[in-house]
Amino acid sequence: MARIDAANASSRAVRNALLSEIAASVIDWRTLEARQKAIEEDIAAAEGLARLAGVRERAGIAIGFDRVRAQSAADASLSRLAALESERARLTGRLVTLTAQGAAQVHAALALDPPVTELPPPPAALPSTLLVNRPDVLSAAAELAAADAELAATARRRFPSFDLSSALGLLAFSPADLFDEDSLVGSLAASVAAPLFDFGRIEAEIDGAAATKRAAFQAYRGSVYTALGDAEAGYGLVAAADRELAAAQAEATSLQRATRLAETRQRAGLADFLTVLEARRAADASGERAAAALGRARRARVLLWQALGGEVQPDD
């Protein structure tokens with residue numbers, strides 16, 4: 001039974017790993033979509049500045065260099081946008097492999113699943129929870145139980161239980177022969193006496209079973225420490241990713257606000273076109289960085305989910 005429990009736990013570990021890989025790939029796809037949207041906004045803003053610079057150039061109030069610089073910013077964003085296609089193809093192939101679905105089915109499923117904007121808080125978990133939910137810990141515990149049962153069974157073979165009256169054949173003895181050594185030894189059945197007189201072989205079997213149990217215990221202890229380490233790393237990764245996300249979003253908000261202020265000042269005649277262009281160049285890619293940080297924060301939660309053993313299993 002313990003071996004079956006170990007196999008079931010190992011099977012659940014494989015399932016959790018597969019689900020984590022699929023979730024991570026879907027998150028990467030959503031992140032790619034958010035990055036694409038941010039880049040397209042950068043392109044639209046840069047092309048708007050290029051058109052404005054062209055108008056100013058034709059009106060004779062600006063040199064052609066302003067238009068060239070604005071267009072170069074748009075071209076850089078277009079280059080970043082084109083680079084996303086290779087990532088999209090790689091993710092499609094990965095999801096096809098993981099889900100055993102065709103590319104069209106994968107794309108249809110992704111189109112039906114809207115992106116989630118809210119980040120769930122990391123779940124609280126006690127060390128005791130890890131011991132009853134991590135598949136690798138459960139598998140190691142089942143292997144230890146199986147090794148313990150094998151050791152007990154081997155030990156019992158050294159000291160078998162038998163009925164003394166039946167073994168000695170008291171009913172066949174005369175009172176005078178009851179304590180005769182030759183009669184006593186001759187009456188012991190071979191199936192009962194053999195384990196008692198073969199201490200060397202069974203002792204070696206006990207030593208082997210004990211070594212197996214020690215190895216199983218070491219494996220169990222290692223799996224517990226691995227689970228605790230993975231959980232600690234998972235919580236740390238979530239905290240770090242959340243801090244990175246907050247900083248990236250604050251940066252994007254600040255740079256976008258600076259760009260709007262520069263444009264307002266330029267329309268009021270309080271700033272030149274170069275100031276607007278520099279503010280726009282500084283804001284470029286800030287939205288994409290924020291989208292990438294959000295994707296890493298979501299991925300960190302998937303890793304934590306796997307580190308905690310996946311779905312909480314009901315008590316038996």
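Every heavy atom of this structure was used, including side-chain atoms; hydrogens, water molecules and symmetry mates were not.
Interatomic distance, Gln105 CD to His107 NE2, rounded to the nearest 0.5 Å: 11.5 Å. To the nearest 0.5 Å, atom OG of residue Ser254 and atom CD of residue Gln249 are 13.5 Å apart. Distance CG/Asp75 to CD/Glu47: 8.5 Å, rounded to 0.5 Å. Distance check, rounded to the nearest 0.5 Å: CD of Glu40 to CG of Leu78 gives 10.0 Å. Summarising the geometry, atom CZ belonging to Arg281 is positioned 11.0 Å from atom CG belonging to Leu49; distances are rounded to the nearest 0.5 Å. Note: Glu244 CD to Leu294 CG = 10.5 Å, rounded to the nearest 0.5 Å.
Nearest heavy atoms, Ala103 versus Thr92: CB-CG2, 4.0 Å. Taking each heavy atom of Ala248 and Ala290 in turn, the nearest pair found is CB-CA, 3.8 Å. Closest of all the heavy-atom pairs between Thr31 and Ala291 is CG2-O, 3.6 Å. Here the closest heavy-atom approach between residue Ala231 and residue Leu304 is recorded as O-CD1, 4.2 Å. Closest heavy-atom contact between Gly102 and Val96: C-CG2, 4.0 Å. Closest approach of Leu52 and Gln266 over heavy atoms only: CD2-OE1, 4.4 Å.
Under a 4.0 Å N-O distance rule, the pair Lys37/Glu288 does not qualify as a salt bridge. A salt bridge does not link Glu263 to Arg260: none of the charged side-chain nitrogens sits closer than 4.0 Å to a carboxylate oxygen.
If you check the side chains of Asp272 and Thr275, you find a donor sitting under 3.5 Å from an acceptor. Looking only at atom types and distance, the side chain of Glu251 has no donor-acceptor partner in the side chain of Ser286 under 3.5 Å away.
Side-chain atoms of Glu143 and Ser223, non-hydrogen and from C-beta on, never get closer than 4.5 Å to each other. Two residues are said to be in side-chain contact when any heavy atoms from C-beta on lie closer than 4.5 Å; Glu232 and Leu228 fail this criterion. In this structure, Arg35 and Arg289 have side chains that are not in contact, with every pair of non-hydrogen atoms separated by 4.5 Å or more. Side-chain contact between Arg299 and Asp28 is present, with heavy atoms from C-beta onward closer than 4.5 Å. Counting heavy atoms from C-beta outward, Asp136 and Ser10 have side chains that stay 4.5 Å or more apart.
The same ILVMFWY cluster, assembled from side-chain heavy atoms under 4.5 Å apart, contains both Leu81 and Trp29. Residues Trp305 and Leu138 do not share a hydrophobic cluster, defined by chaining ILVMFWY side chains whose heavy atoms lie under 4.5 Å apart. In terms of hydrophobic clustering, with Ile, Leu, Val, Met, Phe, Trp and Tyr side chains grouped at heavy-atom distances under 4.5 Å, Ile43 and Leu84 are assigned to a common cluster. Both Leu98 and Val106 belong to a common hydrophobic cluster when Ile, Leu, Val, Met, Phe, Trp and Tyr are linked at side-chain heavy-atom distances under 4.5 angstrom. Hydrophobic clustering (ILVMFWY, side-chain heavy atoms < 4.5 Å, transitive): Val137 and Phe217 are in one cluster.
With hydrogens and angles disregarded, a donor-acceptor distance shorter than 3.5 Å links the side chain of Arg134 to the backbone of Ala307. Under a 3.5 Å cut-off, the side chain of Arg67 and the backbone N or O of Ala50 do not form any donor-acceptor pair. At least one donor-acceptor pair under 3.5 Å links the side chain of Asn16 to the backbone N or O of Gly309. The backbone N or O of Ala73 sits nowhere less than 3.5 Å from a side-chain atom of Arg280 that would complete a donor-acceptor pair. Using a distance-only test at 3.5 Å, with no hydrogens or angles considered, no donor-acceptor pair links the side chain of Ser139 to the main chain of Pro135. Counting only distance, with no hydrogens or angles, the side chain of Asp42 and the backbone of Ala285 share a donor-acceptor pair below 3.5 Å.
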(request) Give the C-alpha distance, both sets of side-chain angles, the deciding distance and a yes or no for side chain to side chain contact (heavy atoms under 4.5 Å, CB included) between Arg69 and Glu278. (result) CA-CA 10 Å; Arg69 291 190 65 180; Glu278 288 300 327; 2.4 Å; yes
(request) Would you sort out whether Leu119 and Leu245 count as a side chain to side chain contact (heavy atoms under 4.5 Å, CB included), showing the intermediate values? (result) CA-CA 11 Å; Leu119 282 176; Leu245 174 60; 3.4 Å; yes
(request) For side chain to side chain contact (heavy atoms under 4.5 Å, CB included), just list the numbers for Arg301 and Ile27, CA-CA rounded to whole Å, side-chain angles, deciding distance to a tenth of an Å, and then say yes or no. (result) CA-CA 11 Å; Arg301 282 159 171 78; Ile27 288 171; over 6 Å; no
(message) Let's go through Val26 and Leu95 carefully: what are the C-alpha distance in whole Å and the side-chain angles of both, what is the deciding distance for side chain to side chain contact (heavy atoms under 4.5 Å, CB included) to 0.1 Å, and is it a yes or a no?
(response) CA-CA 8 Å; Val26 172; Leu95 284 169; 4.2 Å; yes
(message) salt bridge (Lys or Arg N to Asp or Glu O under 4.0 Å), that's the test. Do Asp284 and Arg80 meet it? Break it down for me.
(response) CA-CA 11 Å; Asp284 276 354; Arg80 300 202 324 266; 5.4 Å; no
